[in-house]
Amino acid sequence: KAGVTQTPRYLIKTRGQQVTLSCSPISGHRSVSWYQQTPGQGLQFLFEYFSETQRNKGNFPGRFSGRQFSNSRSEMNVSTLELGDSALYLCASSLVTGNTEAFFGQGTRLTVV
Amino acid sequence: GENVEQHPSTLSVQEGDSAVIKCTYSDSASNYFPWYKQELGKGPQLIIDIRSNVGEKKDQRIAVTLNKTAKHFSLHITETQPEDSAVYFCAASIGGKLIFGQGTELSVKP
């Protein structure tokens, strides 16, 4: 059974640009959550999507957005990139929404220069 | 607000010894507490979890305990091995959102 797949693994972008990251959850899982991991702030929740609807949102500016498709694949977008957006972006897949097991992908390492 | 405190931040043990990592959460609405192991260059891996209606759970060398009254939960690893070396994160789930502790870097010396 394939795990959570995130693409790309690495990205380098320039300040002011925008970026789109992709996440394919485990087959049959319908919930996808996104997290930002940095050395200073640790792992922080961005948002969760279930059945193509955003169910929960963390404390991030509106430059961070996401969506989920009918096949449960999800994308997150960051517009007007800032140096502080450099981080490991992790996607977690769950069977359903709510307090249940979440399985993480390997992450996308974004560097903003 | 929602907060999870994790201690210690670093832990060094000899192979074969036990390791204990402790976490405290703030929101009494939390009812699901997973633990993750993250190795260098990889995403967090779920290693064990516990729900608020259970006080203890074991899986081979790993056990987790939960004290709902005190809002504490702990990870216990017995008979540590060098391959247990990694960063461990506790988390508390509120409505599907995971609030993570800051992590514990465990080093197991052969």
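Every chain is numbered from 1, with letters handed out A, B, ... down the list of sequences.
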Can you give the donor-acceptor pairs under 3.5 Å from side chains of residues 10-21 of chain B to other protein atoms, not counting sequence neighbours?
none

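Of the atoms belonging to Y35(A), it is side-chain heavy atoms, and not backbone ones, that fall under 4.5 Å from chain B. Only the side chain of Q38(B) has a heavy atom closer than 4.5 Å to any heavy atom of chain A. Contacts between A92(A) and chain B at a heavy-atom distance below 4.5 Å are absent for every atom of the residue. Residue R109(A): no heavy atom, backbone or side chain, is found under 4.5 Å from chain B. Looking at L98(B), both its backbone and its side chain come within 4.5 Å of chain A, counting heavy atoms on both sides. For P34(B), no part sits under 4.5 Å from any heavy atom of chain A, backbone or side chain. In this structure, the portion of I94(B) lying under 4.5 Å from any heavy atom of chain A is its backbone and not its side chain.
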From CA spacing to verdict: side-chain contact (heavy atoms from CB on, under 4.5 Å), D84(B), R61(B): CA-CA 11 Å; D84(B) 294 329; R61(B) 297 186 297 110; 2.9 Å; yes
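Using modelled atom types, one side-chain atom of Y49(A) and one backbone atom of G66(A) make a donor-acceptor pair closer than 3.5 Å. Remark: the backbone N or O of V19(A) is paired with a side-chain donor or acceptor of N77(A) at under 3.5 angstrom. Checking side-chain atoms of S94(A) against main-chain N and O of S31(A) turns up no donor-acceptor pair under 3.5 Å. Proximity of a side-chain donor or acceptor of E5(B) to a complementary backbone N or O of S26(B) within less than 3.5 Å is not detected.
L81(A) and L83(A) end up in the same hydrophobic cluster when Ile, Leu, Val, Met, Phe, Trp and Tyr side chains are linked at under 4.5 Å. Linking ILVMFWY residues whenever their side-chain heavy atoms come closer than 4.5 Å, directly or via other members, places V112(A) and F64(A) in the same cluster.
Close approach to chain B, defined as a heavy atom under 4.5 Å from one of its heavy atoms, is seen in G40(A), Q41(A), G42(A), L43(A), F45(A) of residues 38-46 of chain A, taken by number.
For the pair I62(B) and L75(B), the tightest heavy-atom approach, listed with the atom from each and the gap, is CG2-CD1, 3.5 Å.
The aromatic rings of F104(A) and Y36(B) lie perpendicular to each other, with more than 60° between the two planes, well past the 30° mark. Using the six-membered ring where Trp is involved, F73(B) and W35(B) have ring planes that are perpendicular, over 60° apart on the 30 and 60° scheme.
Taking P44(B), G43(B), S30(B), G103(B) one by one and counting their heavy-atom pairs under 4.5 Å with chain A, the maximum is reached by P44(B). Between chain B and the options Q6(A), E101(A), R9(A), R55(A), the largest number of non-hydrogen pairs under 4.5 Å is found for E101(A). Listed options T97(A), N56(A), L88(A) were ranked by heavy-atom pairs under 4.5 angstrom with chain B; first place goes to N56(A).
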